[in-house]
Enquirer: 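Okay, handing you the structure first.
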Amino acid sequence: MKIAPQQRIYVCFFLFAVSLGALLSRMPDLQVALGVDKSELGLTLIGSAIGALISLTLSSPLIARLGARTTAFITVLGTSALLSLVPWIGAAPFVFCLFFAEGLLAGALEINLNVEIDRIEAQLGRGVMNRAHGFWSLGFFVTALVSSVVRQAGISMQLHLAATFVAVLVIGIWAIAGMRDAPARITLDEGKAPPIALPTWGLMPLCVIGIAAFLVEGAGIDWSAIYMRDVFSVEPFIGGLGLTFFTFCMALARLFVDPLVDRFGARAVATMLLVLSAIGICAVWGAPHAYVALAGFALMGAGCSAVYPLAVSAAAQRTDRAAYLNVAALGQMTFVVFFLAPPLLGLIAEHAGIRTSYLACLPLIIYALFSVKALATRRAAGGGSVATVRSVNG
């Protein structure tokens, strides 16, 4: 079956989210299996952050050499295989090592898929970046919905994640086998690319925006099930609805926001979404009943939905150096926060309460609102290419 190039990237985003989401939906079970408290669980998960940071810093030249298809095979299927092994390991230090290896692959996956979808977007002459990330969110929504039923039925983590890996393996091989590298964007700097991707000063406002979005995403995805269990003592199915609502609203917004970005510009859309995130966080923090918390998770999901993809598009469209270097540098400062959120919020939850851990996200969202001027106001007239976000000198 022939599918369009961007649709193959959609599938890769979806499969990665399914693999990761299946494990994250079992966080309460993993905590019990490892016999650790919230802060210790968070420190175990930090292995992914360390691995991703190393990969985002050093893997760009290797990705450019391997190409999109080979890198996708290694990273999409590799992350799913490693995550499926977590339930079989009963000691937190060994789980940390497994997460470290998974983080190495996840960082490379982040660079590869975002650069490739940006190149495809340039070929198409229309926005598809948000839709691609929408399939990441759709993957989380699907696995959250399935996982709520699976946990309620008492199915073990081992069987759950093993079945997830088999599905990812079959679909992934089919989708990635037909992938072809899209032509790279033209840059003004044709010199030899540096081996290490580091953020530039011109990239820093985009990093702040991305960090805020990923902190909210990490808070919603990683801790929603534990929040619902500890604060409201609900059954597993109801507890899983926090993650389900979060991912559903995130997916819905990402899948349909591109026309709004084309019409109103990235800056206006990002501002609106960040405000929604702040409202959602306040609702979760002060929720007197479970349904208020669920509404807050829904607002958080919609609010952080397209903020990071908008930052990625802006970084990839900069002409000061190769797109994969800018995307990698942005990923260092943002994607790692997705993995750092569990230990940071876990420490706060353990010592100040899980409600307070959500409120800790609010200052960074406010700071991001002052950084949205780094985004373009709207697409350039003519519809094809996107207006340059910042000048080459930042």
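All values derive from a computational prediction rather than experimental measurement.
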Enquirer: Considering only heavy atoms from C-beta outward, does the side chain of N326 approach that of L203 to under 4.5 Å?
Expert: yes
Enquirer: Give me the atom names and distance for the closest heavy-atom approach of S147 to A22.
Expert: OG-CA, 4.3 Å
Enquirer: Of all heavy-atom pairs between N130 and L310, which one has the smallest distance, and what is that distance?
Expert: ND2-CD2, 3.8 Å
Enquirer: Could you tell me which non-hydrogen atom of A182 sits nearest to which non-hydrogen atom of E116, and how far apart they are?
Expert: N-OE2, 2.8 Å
Enquirer: Is any side-chain heavy atom of L206 less than 4.5 Å from a side-chain heavy atom of L375?
Expert: yes
Enquirer: Scan residues 269-281 for pairs that pass side chain to side chain donor-acceptor pair (under 3.5 Å), counting only residues two or more places apart or in two chains.
Expert: none
Enquirer: Crowded around R254 CZ? As in, over 12 foreign heavy atoms under 6.0 Å?
Expert: yes
Enquirer: For atom CZ of F232, decide whether the heavy atoms of other residues, nucleotides or ligands shown that lie under 6.0 angstrom number more than 12.
Expert: yes
Enquirer: Would you name the heavy atoms of H351 and L347 that are closest together and state the gap between them?
Expert: ND1-O, 2.9 Å
Enquirer: Would you call the rings of H289 and Y291 parallel, tilted or perpendicular if under 30° counts as parallel and over 60° as perpendicular?
Expert: parallel
Enquirer: Relative to each other, are the rings of F135 and Y10 parallel, tilted or perpendicular (30° and 60° limits)?
Expert: parallel
Enquirer: For the residue pair A306 and V257, what are the closest heavy atoms and their distance?
Expert: CB-CG1, 3.7 Å
Enquirer: Which pair of non-hydrogen atoms, one from Y308 and one from N114, has the smallest distance, and what is that distance?
Expert: OH-ND2, 4.2 Å
Enquirer: Is any side-chain heavy atom of R69 less than 4.5 Å from a side-chain heavy atom of I176?
Expert: yes
Enquirer: Applying side-chain contact (heavy atoms from CB on, under 4.5 Å) to H133 and M129, what does each step give before you reach the verdict?
Expert: CA-CA 6 Å; H133 284 260; M129 177 70 76; 3.7 Å; yes
Enquirer: Would you call the rings of F16 and W136 parallel, tilted or perpendicular, taking 30° and 60° as the class edges?
Expert: tilted
Enquirer: Any side-chain heavy-atom pair from Q123 and P5 closer than 4.5 angstrom?
Expert: no
